[in-house]
Amino acid sequence: MRLLATFALIACCSSSLAEPAPLQLPPAPGPATGLADSAALRATVFGTPPQDIAPLPESVPMLEMDLALPWRRPVPQIFWFDKRLRVWFSAQKRPAPLAIIISGTGSDANTSKLSVLRAVLYGAGYHVLTMPSPTFPGFIVSASTTGVAGDLMQDGHDLYAAIVEVVAHLPKKTQITEVDILGYSLGGANAAIVKSIDAAEHKLHIHRAVMINPPVSLFATIGRLDKLYAVSLGNGDAGIERFYQQLYAALANAYRASGRVELDEDFLLGAAAAVLKTDAQFSAAIALSFRIALSNVFLAGDMYSGAGVVIDPAHPPKVGDSLEETARILRSKTFAEYFTRVFAPYYVKRRPDSTVDSLVAQNRLEIIGDQLRSDPDYYCLTNSDDLILDKAELAWLIKALGTRIAVYDHGGHLGNLGDRQQAADLLAMLDGRWQGAH
Amino acid sequence: MRRAARTACALAALALAGCAAREVQFHRWPAETPADNNKADIARMQGVQAAAAAASKPVPPQAEQTASAPEPAAQPVKPADAPSLQTYDPWGRLNRFTYRLNTRFDEAIFLPVANGYRRLVPSPLRAGVHNFFANLTEVDSVINYTLQGRLHRSVRSLGRFVINTTLGIGGLIDVAGKLVHLPYEPTGFGTTLAKWSMHPGPYLVIPLYGPSTFREGVGLAVDYATLYEINLADLYRGDQSWGLGVANAVDQRANIDFRYYSTGSPFEYETIRFLIVRKQLIEDAGLHKTKPLPKPNPEEPAGK
């Protein structure tokens with residue numbers, strides 16, 4: 001499904017609205033480290049090989065919880081299906097610690113990556129609660145107090161309030177001995193922020209937090225992703241159309257050669273190597289997957305803030321209206337454009353003395369740097385070839401956390417999630433048994 | 001009787017309204033089976049690697065080709081043969097309405113019933129039910145493979161049907177697949193129309209069924225009419241036909257890993273539409289290996 005999803009992400013070619021941006025995002029420092037690393041790109045796209053996954057339990061119970069949160073803002077018609085916050089809970093039958101996992105950029109509470117983490121933690125005896133990313137449209141609509149996602153502290157407060165509400169409504173027979181939190185990618189940074197908020201509000205009493213492949217500076221990371229997109233696909237319509245045509249032809253030829261009667265998931269798994277071959281193609285697939293997540297965040301932010309970049313606030317689309325043109329316009333929108341035209345105007349207006357530079361600074365893990373340095377219950381797992389970090393950011397993480405970080409040589413971005421070594425280290429960290437990297 | 005039906009409908013509507021208004025809704029899903037899933041992923045990966053290794057060696061001509069007229073070498077699809085990024089959807093407003101209707105029906109009735117079925121009915125029994133309905137479709141496959149001129153596959157489907165109906169106890173056990181290594185590869189009249197060079201036509205969301213195209217919609221109707229006319233063992237016209245129809249639908253839903261709007265995105269309709277039509281066009285390219293693909297018109301949406 002991953003390939004098909006990537007294929008879908010290029011559904012619309014771009015068109016540009018070349019209006020001057022009123023605010024400017026500072027340029028991202030340095031290239032993405034993964035740009036030059038073929039192994040990192042491939043690991044990021046294909047994920048952990050199944051034979052390397054840690055031992056998993058036979059069975060994990062699944063309870064879906066759909067919550068109507070009292071602070072939900074009025075729901076735009078085209079988001080009619082996102083009114084309730086959807087989370088998943090897997091309960092042990094005996095008293096156990098609760099592990100709360102926060103999903104990555106733009107993702108819901110039941111991704112394949114969450115399934116692996118859920119299984120590892122459930123098998124180790126945890127109750128497991130999985131939460132969507134605060135950048136998932138279902139969260140933005142049902143749980144955000146602003147509708148403009150991407151601000152670490154604001155998203156952290158929204159997430160914290162939602163988790164408090166969910167935990168209060170867990171099945172009554174659930175017996176929790178301790179609460180820990182973790183997350184992957186952006187969810188890793190979210191998890192650390194939520195723990196820092198809890199240290200002040202004491203509603204959950206979160207003990208330990210583990211960040212898996214987190215960003216250090218949100219806006220440096222998105223700058224890198226924009227650069228990755230521009231390098232691999234260009235800025236106009238031609239690059240994305242060319243990539244689509246290459247993918248289509250490669251898939252069609254692989255399908256013809258296979259002799260199959262249906263294009264199914266098994267075929268796609270086998271065809272992957274024939275479809276994505278060059279570093280540029282792997283880069284394009286990664287950049288596209290982030291860009292698709294952005295299109296939802298952009299649309300919701302534009303509608304909730306009334307910025308009017310793609311949606312006329314006076315005439316919002318109704319249920320049943322075609323969104324094809326909107327989708328096409330959004331495909332060309334960069335992370336930088338979201339920042340300058342939706343995010344920054346919204347927050348600068350609402351936060352006295354705020355500037356673009358201060359917003360960038362507020363969206364670094366440095367805002368909880370003191371806690372990361374002094375509180376022994378923050379941990380991190382990452383890779384030295386993770387393409388969302390540069391060398392300086394990785395060095396900052398290592399310096400801040402000291403021995404409470406494990407840095408693996410390979411894996412790219414999340415390409416070793418749930419492998420034997422990482423799963424063992426994760427459990428050691430959550431359990432307080434971590435003695436530092438071997 | 002009519003009053004009872006009305007009362008039942010009113011109670012169901014009240015129950016649904018009550019559920020919709022609750023602060024928290026709980027839905028128990030079938031347990032995940034991570035260990036088995038991982039084993040299946042490893043086996044699948046090994047299969048893929050073995051297939052890739054086999055593909056790198058020279059292979060003799062396919063049996064299908066020797067059974068019918070020999071075909072010249074396939075012409076590779078070029079990037080310039082890719083259809084437009086746009087999709088032909090002249091019935092868009094109706095389709096969007098049907099997509100919403102299907103979403104609500106799926107969330108309120110179809111998915112809970114399928115999940116209940118997966119939770120409460122033991123796996124071997126579900127496999128038997130699935131095999132039973134799959135075996136019935138072999139009748140349609142025999143006819144359509146013949147109409148497509150793919151006689152080797154037609155004979156294979158017939159062989160599967162005979163073996164599974166007899167040795168497999170009425171189709172409950174897939175003996176042909178497991179012991180004789182004849183894989184289950186169904187086809188239908190939609191594919192026959194594609195083989196006869198009919199384009200997918202307008203995108204079509206079929207009520208209660210899901211996203212498709214006009215050609216596949218016609219294919220489904222003809223497939224059902226064919227089975228109804230043949231009426232094997234009076235399964236399609238007797239009193240039990242309604243019950244079997246519902247069981248077939250639940251079995252199919254329980255085996256489809258898809259949930260409406262799990263993406264959370266208002267662009268889901270456009271995404272699924274794009275995928276369904278490209279999937280059909282690639283499958284069409286597989287059916288016409290020797291025929292040059294028509295030069296795509298960038299002004300014309302895909303599927304037209």
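Bear in mind the structure is a predicted one, so any value in this text is a computation, not a measurement. A note on names: the letters A, B, ... follow the listed sequences, proteins ahead of strands, and every chain is numbered from 1. Quick note: numbers below take in every heavy atom, side chains included, and nothing from hydrogens, waters or symmetry partners.
- Both the backbone and the side chain of A:S295 come within contact range of chain B, each with at least one heavy atom under 4.5 Å from a heavy atom of that chain.
- Distance check: B:F267 CZ to A:L323 CG gives 5.5 Å after rounding to the nearest 0.5 Å.
- Heavy atoms of B:T191 lying under 4.5 Å from chain A are absent altogether.
- For a residue to count as touching a neighbouring chain, one of its non-hydrogen atoms must lie under 4.5 Å from one of that chain's; by this rule B:I272 does not touch chain A.
- Side-chain atoms of A:T48 and A:D419 include no donor-acceptor pair closer than 3.5 Å.
- Looking at B:E107, only its side chain comes within 4.5 Å of chain A, counting heavy atoms on both sides.
- Proximity to chain A (any heavy atom under 4.5 Å) is shown, for B:R119, by neither the backbone nor the side chain.
- Contact record, A:P50 with B:M45: CD-CE, 3.8 Å, taken as the closest heavy-atom pair.
- In this structure, the portion of A:L330 lying under 4.5 Å from any heavy atom of chain B is its side chain and not its backbone.
- Listed here is the closest heavy atom pair of A:E58 and B:P34: O-CD, 3.7 Å.
- Neither the backbone nor the side chain of B:F258 comes within less than 4.5 Å of any heavy atom of chain A.
- Using a 4.5 Å cut-off between heavy atoms, B:F97 makes no contact with chain A at all.
- Side-chain contact, A:N110 with A:R86: no donor N or O sits under 3.5 Å from an acceptor N or O.
- Interface check for chain B: of the options A:A119, A:S59, A:P132, the most heavy-atom pairs under 4.5 Å are formed by A:S59.
- There is no contact between A:R242 and chain B, counting heavy-atom distances below 4.5 Å.
- Interface remark: A:L299 contributes side-chain atoms only to the contact with chain B (heavy atom separation under 4.5 Å).
- Applying a 4.5 Å heavy-atom cutoff, the residues of residues 182-190 of chain B that approach chain A are B:E185, B:P186.
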